[in-house]
Every structure is written in structure tokens, then in C-alpha cells.
Amino acid sequence: MENFINAKFVTTTDPEYYQTFWQSMKGIQVQDVYLESGKKANNTHALPSVSIPRFHEARLKESLFRNIASVAAVSKGSTVFAEDFHGSAEWIPENSSIDLHDGDEDFDRIPLGYHKLGSILRFPEDFVHDATFNIERYILKHFAKAVSRCEDSAFITGDGVNEPFGILHPQRGAEIGVNAKELTYDAVIQLFFSVKPEYRKHGKWLMNDDTALILRTLKDADGNYLWNQANDTILGKEVLISEFMPSDGMPVAFGDFEYYQIIDRSEFSCRVLRETYVDDAQVGYLGYEFVDGLLLRREAVKTLCISE
């Protein structure tokens, strides 16, 4: 009875929760009461607090967009503030005053939602039950890789239906900066200058491998390459490669991707599937996260649209 009472006060920050959580992931029978503080409505359990930064680090290594976008954790509320600086500085004559800036213009209120992203992993039973198997490292690494691929795909091409709006969404994504019939040196230059200077300052290029191969071969009239082979930049701006960018339609995007806001609505949670894959001599793991994403300033990123 004493153990049960003490267990009621175990939280996700406690060593007891950490130990019990990862023992349960290995299929070891545990006292479920130790996991009560982390139990979610979808019958999963929150990661132990110690494991959360390890998962974030693993996901950051796998994700493209989480390295270039803005990321915020918002567990409650239905709106998020989109910030853009409209203020200015000025020289003030002696005995004069400065005009006051209305800071309210710096913020837009954007409706906030969330989308449920799920992933299933499977490992061989003998692998999981091996005493040398680091269950925490493997699960965090593989879940991070799985969800990062799914996130990056949605952050680029998502249609807003059960997933975030991506930067290529025609109404909620980036604006079209240039329409062209084909990828040319001039079209890429025009795309660069279609983005306002304040967004070009921290601008990056985004494309897939096929598009990058074409752009590497483009030259101006004097034979100068568009692509700087020494540091993989175009016009001094870094080129990012993603397999989720299309080869046609809108194959190139350029701008400040920090204006894409990723909203983490809850920490990652998971549970073991002990019986589901037993006939295959495997142990399964089900993981969930709730996330949203949206380009808050459409003019901050623009695309090159190829059309006949």
C-alpha cells in the first residue's frame, strides 16, 4: 500500500518514471501506476522529461525545416502572433521628440490548429530483449527520423487537410515571384529580386536534386556560372536540397523561411505494441505528436512557377 501511495506522486521528471517507462518499452512487466502522470488520452505515455531534449536533438539532426523555420511550443490557445517589424529609427534634432511607433502593427493574429502525426516502428524481439540493446537511443532515433520526413513533406507540399499548409500551397503558401516557361538564368535572377530586401537578407534557396543539377549548369552571356561551386550558393545565398520539392510546377523557392512557423502542440508520446506483431517475432511501437505549421508572411518566400 505504501508503494502504491508513493507511486501516485511519481511525475515524468522523476527517475522512477524514466526507469519504468523504458522498462515497459522493452516489454518488461511494470507497475502501470508509475506511468499514470504521463498517460495521454490516446493511450500513449509522454516521454520522460530527461528523454525529451534527446528526442529534440535527434529530430533536429533529421529535419530540414526545423533548422530553417521558427519553432514554438504552444500547448493551449487558438491563435499565434505573427511578428513583423514595421518600426524605424531616425536622427532627432536637439530639443525635438521622436514620433511614437504603434507596436500593434507589428503583429498579426493567426488562427492556430493542430494535426496528429503518428508513426509505427518494429524491431525483432530478440533484438529488443538483448541486454545490450539501448532501447531509448534506438526508439528516439528512429521515431525522430520517421516523423521528420513526414513533417518536411507536409511543410513543403501540405494541403491543410489533416496536415499543415506547406509553402507550396497556392492560397496559404508562398507567393509566386516569377512565371517562366523553363528554368533559366534570368528567371532565377528575377526570382531573387522579386523578394523584398528585408526577406532577402536571410534568404535561402530550396529545391530538389534534379533542379539543382540544372541550375549548376546555367551560365550568363559571359560564361559565368549561376551556381557558386565553391560554397553551393546562388547569388551568395545558401542552397538547400529537399526530395519533397517538385521537379516541375514550382521547383524553386527563395526567401526567409524563418517566417514559416512550426507549432508543437504537445510533446511526443508513445507506447509499446506487445501483441500486435508477436506472430512475426517483432515488438511494435506507436508514437504520436500534435503539430501545425504555416507560412506567416507569404511575401517572405516566393516561388518560381514553370508553366507553358
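No hydrogens, no waters, no symmetry mates; every other heavy atom, side chains included, goes into these values.
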R265 charged N/C atom sitting above Y114 aromatic ring, 6.0 Å / 45°
no
Using modelled atom types and a 3.5 Å cut-off, is there a donor and acceptor pairing between side-chain atoms of [X] and backbone atoms of [Y]?
X	Y	answer
K204	F257	no
N228	T233	no
T157	S153	yes
S148	A144	yes
Y285	M25	yes
D152	L64	yes
R298	G173	yes
T20	E16	yes
K26	D130	yes
N67	L60	yes

Given the rule that I, L, V, M, F, W and Y join up when any side-chain heavy atoms are under 4.5 Å apart, are [X] and [Y] in one cluster?
X	Y	result
V291	F244	yes
Y288	I262	no
V278	I28	no
L273	F268	no
I52	I135	yes

Which is it for T276 and L286 under the side-chain contact (heavy atoms from CB on, under 4.5 Å) test, yes or no, and what are the steps along the way?
CA-CA 11 Å; T276 307; L286 174 65; over 6 Å; no
Polar contact flag, side-chain donor to acceptor under 3.5 angstrom, [X]-[Y]:
X	Y	answer
H142	E62	no
Y259	E299	no
T13	S49	no

Within 6.0 angstrom of [X] [atom1], more than 12 heavy atoms from elsewhere:
X	atom1	result
N162	CG	no
R149	CZ	no
K145	NZ	no
N224	CG	yes
K141	NZ	no

Name the orientation class of the two ring planes belonging to Y17 and F21 (parallel below 30°, tilted from 30 to 60°, perpendicular beyond 60°).
parallel
Taking the six-membered ring for Trp, are F155 and F65 parallel (under 30°), tilted (30 to 60°) or perpendicular (over 60°)?
tilted
Check: P251 and N208 side chains under 4.5 Å, non-hydrogen atoms:
no
Distance-only donor-acceptor hits, side chain of residues 115-124, under 3.5 Å, sequence neighbours excluded:
residue, atom, partner, partner atom, Å
H115, ND1, E163, N, 3.2
H115, NE2, E163, O, 3.2
R122, NH1, Q282, OE1, 3.3

Would V188 and V178 count as a side-chain contact (heavy atoms from CB on, under 4.5 Å) if you check the C-alpha gap in whole Å, the side-chain angles of each, and the deciding distance to 0.1 Å?
CA-CA 8 Å; V188 175; V178 177; over 6 Å; no
Check K196 with D256, please: is the shortest side-chain N to carboxylate O separation under 4.0 Å?
no
Stepwise salt bridge (charged side-chain N to carboxylate O under 4.0 Å, His left out) check, R297 with E198:
CA-CA 12 Å; R297 300 282 177 188; E198 57 262 42; over 6 Å; no
Please assess E136 against Y18 for the test side-chain contact (heavy atoms from CB on, under 4.5 Å), listing each intermediate value before the final yes or no.
CA-CA 10 Å; E136 179 182 11; Y18 176 88; 2.4 Å; yes
Can the ring centroids of F143 and F55 be said to lie less than 6.0 angstrom from one another?
no
Would you mind telling me which of T211, L191, I241 makes a side-chain contact (heavy atoms from CB on, under 4.5 Å) with W205?
L191
Between T184 and D186, does a side-chain hydrogen bond (donor to acceptor under 3.5 Å, both in side chains) hold up when you go through it step by step?
CA-CA 5 Å; T184 64; D186 289 343; 5.6 Å; no
